[in-house]
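Residue numbering restarts at 1 for every chain, and letters A, B, ... go by the order of the sequence lines. Heavy atoms only: backbone and side chains are in, while hydrogens, waters and symmetry mates are out. Computed from a predicted model, the values in this text were never measured in an experiment.
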2 protein chains.
Amino acid sequence: MAVTLKDLARIAGVAESTVSRALNDKPGVSEETREEILKLAVEYNYQPNRLAQGLAKQKTSIIALLLPDLKNPSYPELIAAVEGVANDSGYQVVLCNTAGSPEKTAAYLDLLQRNQFDGVIIVGGTPTGGKFLQLALENKNNMVLLNMLLEELLLPSHLIDYRQEGVLAAEYLLDSADSRPAALILGDAREYRETERREGFLEASRRLTGSATEVFTGVESRDDGYQVFFRIVERLEPPLSFYITENLAALGLLEAIKSGGYLVPEDFQLLGTGSNFIAGIASPQLTVVDEPLREMASNAATSLLQLLSEDKSEPEIRVYQPKIIAGATTL
Amino acid sequence: MAVTLKDLARIAGVAESTVSRALNDKPGVSEETREEILKLAVEYNYQPNRLAQGLAKQKTSIIALLLPDLKNPSYPELIAAVEGVANDSGYQVVLCNTAGSPEKTAAYLDLLQRNQFDGVIIVGGTPTGGKFLQLALENKNNMVLLNMLLEELLLPSHLIDYRQEGVLAAEYLLDSADSRPAALILGDAREYRETERREGFLEASRRLTGSATEVFTGVESRDDGYQVFFRIVERLEPPLSFYITENLAALGLLEAIKSGGYLVPEDFQLLGTGSNFIAGIASPQLTVVDEPLREMASNAATSLLQLLSEDKSEPEIRVYQPKIIAGATTL
DNA sequence: CCCCCTTGCGCAAGCGCTTGCGAATTTTCG
DNA sequence: CGAAAATTCGCAAGCGCTTGCGCAAGGGGG
């Protein structure tokens with residue numbers, strides 16, 4: 001069907017090896033035959049078969065980006081950053097939607113193992129249960145983690161100082177004369193970042209107020225966020241400010257507050273997580289603990305490419321610092 | 001590194017071909033050797049190399065889903081539907097983010113041509129400029145369109161009756177005693193669906209009111225939607241109603257209206273496009289012209305798989321009907 | 001003028017898998 | 001019990017590309 005390297009060789013009257021070398025800028029071909037071959041390649045619209053290339057070279061120049069949930073509004077930015085770096089180095093990026101399913105995660109790692117990808121970046125929140133660990137162990141030289149940390153297995157990772165996020169959040173909400181009681185609303189409490197945030201928040205909170213803090217967990221979706229508000233507000237003395245870590249849940253919570261006829265930030269203060277985009281999508285604009293996601297994503301991609309080229313050094317764990325970006329949902 | 005088919009054959013003491021046949025449920029192997037081989041395969045954790053498989057079989061069992069913009073909140077649903085169908089048939093889906101860039105679109109089509117994918121689904125809004133047409137022509141038997149139509153090239157397509165969307169929208173907004181003047185706010189006016197919506201809307205509008213309708217185009221992003229409101233409101237007098245076709249822009253517009261101190265739907269009515277999810281994310285809940293996206297996506301995937309298995313019949317163009325789902329942004 | 005070092009290219013093996021075909025073995029039936 | 005029909009399996013070619021190696025030329029220096 002398509003024109004192959006062999007065809008091209010026949011047409012040019014040279015050996016396949018010569019064509020291959022000419023096309024790949026390898027030495028051992030005279031400038032003049034190289035040009036001739038290049039010309040023919042264009043003329044006949046030759047496209048190397050990547051499967052064959054992959055098989056011969058034992059690499060595909062494709063990396064996979066495993067995302068837990070496409071709904072999260074932070075991801076487009078993250079994806080763009082990864083793609084930018086990868087494309088510049090001649091890699092293609094494919095997006096793999098694990099949708100919270102351990103089986104799907106395993107299925108994609110399986111593709112990795114079957115040489116379909118050269119490496120993967122796993123983004124925080126991706127389920128790591130089931131066969132994950134075994135597969136990860138077998139491929140630990142082709143994986144980097146973004147926004148997560150695996151305690152069972154040391155991999156190159158790019159993540160925030162989540163504990164510090166918790167501390168900043170608590171200080172921001174509680175460290176003023178007229179501070180109100182605050183509640184902490186987490187997503188999947190089993191994740192590393194959530195446990196860290198929790199500890200940071202609770203510790204700072206104890207230091208600042210001396211009193212206990214209410215914690216809600218498992219609040220992940222938009223709807224979860226919406227629901228949780230009513231669970232909270234029907235209490236006798238509800239907490240009046242919230243640090244809520246999940247993007248979508250924060251939007252839902254905000255919605256719930258407004259629909260209950262309350263004012264933000266006068267009645268309830270709200271502090272979320274994440275990028276500008278997520279902050280801007282909310283109304284009023286969300287105050288957030290900002291994560292330098294774009295930078296982290298670029299670096300994660302760079303890490304991976306480096307891992308794939310050089311031979312393995314110590315897995316590098318890089319920790320980034322969060323900061324508060326004030327919006328209109330806090331006083 | 002990994003255990004290969006050849007290894008397995010050596011271990012089992014049979015020929016490679018026998019192993020291959022056993023693993024692929026092909027006839028010509030006795031039940032007893034088959035079982036023996038299967039057992040060994042599990043024991044040694046054999047994973048067929050998909051590149052080699054692809055090369056030999058001339059197919060990869062991977063389909064690509066080309067998306068113009070990951071930010072669009074309708075896509076997770078669409079993606080899930082496509083993945084569902086594909087996975088059931090043993091296909092993997094990879095997501096390709098064209099991010100509005102014709103070069104990236106072409107790059108992915110290029111991968112298709114180089115046998116990296118078996119087929120692609122192209123989702124409405126994906127840029128079709130540049131080398132697209134040439135590449136598409138060469139691969140017309142592996143592509144289906146979702147939510148778009150290419151006038152230059154007949155491909156299997158799944159799309160809404162966009163003209164009818166326009167008609168419904170106009171009737172909904174204008175067909176009442178106290179109807180207000182309506183404005184039409186479109187995204188990329190060069191796309192098929194937008195021209196159709198426009199025609200439908202304008203035609204119905206003319207029929208119902210006899211007066212002209214204002215049309216704004218190029219309003220795609222959230223921010224575009226936000227901006228356009230102020231351009232509009234400084235020229236025209238409320239009350240007004242808007243039919244705005246882009247998801248994200250609708251959210252922005254809604255935001256702008258509220259931030260201007262106006263009420264929805266009392267001062268401005270708003271009618272958007274799309275699924276439940278997008279409608280629910282807005283506050284107040286958006287009234288939308290609903291598209292059966294999930295169903296369309298499943299069917300598109302089915303179409304593609306069919307295209308890949310059977311040999312080509314006439315490209316089927318399937319048209320779906322929209323309907324209005326009332327929210328709280330219209331009276 | 002000869003030898004040796006470059007340079008340019010072809011040969012062929014190999015990446016890991018599939019598959020048509022024929023050989024060897026077993027089963028079946030007259 | 002022997003020949004024909006199945007059945008089971010191995011051989012080898014091939015998918016399209018890369019790459020180590022070796023062989024011819026060509027060019028320079030002694």
For this session: Kindly compute the distance separating CG (D118(B)) from NZ (K59(B)), expressed to the nearest 0.5 Å.
Result: 5.5 Å
Problem set entry | Minimum heavy-atom distance L307(B)-P156(B), with the two atoms named | CD2-CG, 4.2 Å
Exercise. With a 4.0 Å cut-off on heavy atoms, is T4(B) in touch with a base, just the backbone sugar-phosphate, or nothing at all?
Worked result: sugar-phosphate
Exercise. Can we say R318(B) and E316(B) salt-bridge, meaning some charged N sits less than 4.0 Å from an Asp/Glu carboxylate O?
Worked result: no
For this session: Find the distance Y46(A):OH to dG16(D):P and express it as a whole number of Å.
Result: 10 Å
Exercise. How far apart are the closest heavy atoms of Q116(A) and I62(A), and which atoms are they?
Worked result: O-CB, 4.3 Å
For this session: Please check the phosphate of dG16(D) (OP1 and OP2 only) for any side-chain N or O of Q58(B) closer than 4.0 Å.
Result: yes
For this session: Just call it for P27(A): base, sugar-phosphate, or nothing, with non-hydrogen atoms closer than 4.0 Å on any strand.
Result: nothing
Problem set entry | CG on L95(A) to CG on L67(B), rounded to 0.5 Å | 8.5 Å
Exercise. Roughly how many Å is it from CZ in R114(A) to P in dC17(C), rounded to a whole number?
Worked result: 10 Å
Check nucleotides 7-10 of chain D against the protein and report each pair of N or O atoms closer than 3.5 Å, with its distance, or say if there are none.
residue : atom : partner : partner atom : Å
dC9(D)  : OP1  : T33(B)  : OG1          : 3.3
dC9(D)  : OP2  : S30(B)  : N            : 2.7
dC9(D)  : OP2  : S30(B)  : OG           : 3.4
dC9(D)  : OP2  : T33(B)  : OG1          : 2.9
dG10(D) : OP1  : A15(B)  : N            : 3.4
dG10(D) : OP2  : A15(B)  : N            : 2.6
dG10(D) : OP2  : T18(B)  : OG1          : 2.5
dG10(D) : N7   : S17(B)  : OG           : 3.1
dG10(D) : N7   : R21(B)  : NH2          : 3.3
dG10(D) : O6   : R21(B)  : NH2          : 2.4

Problem set entry | Rounded distance in Å - CG (L51(A)) to C1' (dC15(C)) | 12 Å
Exercise. Within this structure, what is the NZ-to-C1' distance between K6(B) and dG14(C), rounded to whole angstrom?
Worked result: 8 Å
For this session: Hey, could you give me the CG/CG distance between L153(B) and N139(B), rounded to the nearest 0.5 Å?
Result: 10.5 Å
Exercise. Taking all non-hydrogen atoms of both residues, which atom of G124(B) and which atom of E191(B) are closest, and how far apart?
Worked result: C-OE1, 4.3 Å
Exercise. Between atom CZ in R50(A) and atom C1' in dC15(C), what is the gap in whole Å?
Worked result: 17 Å
Exercise. How many Å lie between CG on L55(A) and P on dT19(D), as a whole number?
Worked result: 12 Å
Exercise. Think N49(A) has a side-chain N or O under 4.0 angstrom from the OP1 or OP2 of dC15(D)?
Worked result: no
For this session: To the nearest Å, give me how far apart CD (Q116(A)) and P (dC17(C)) are.
Result: 13 Å
For this session: Mind grabbing the angle between the end helix axes of the helix from dC1(C)-dG30(D) to dG30(C)-dC1(D)? Five pairs an end, 10° rounding.
Result: 50°
Exercise. Which of these nucleotides, dT18(C), dT19(D), dC17(D), is closest to any side-chain atom of A56(B)?
Worked result: dT18(C)
For this session: Measure the CG-CD1 distance between L65(A) and I121(A) for me, rounded to the nearest 0.5 Å.
Result: 5.5 Å
Seminar exercise, completed: Whole-Å distance, L23(A) CG to dT18(D) P, equals 8 Å
For this session: Kindly compute the distance separating CG (L133(A)) from CG (L109(A)), expressed to the nearest 0.5 Å.
Result: 10.0 Å
Problem set entry | Exceeds 12 heavy-atom contacts within 6.0 angstrom, atom CD of E32(A) | no
For this session: Could you tell me whether the phosphate oxygens of dT18(C), OP1 or OP2, come under 4.0 Å of any side-chain nitrogen or oxygen in Q53(B)?
Result: yes
Problem set entry | Listed nucleotide nearest any side-chain atom of L5(B), set dC15(D), dT19(D), dC17(C) | dC17(C)
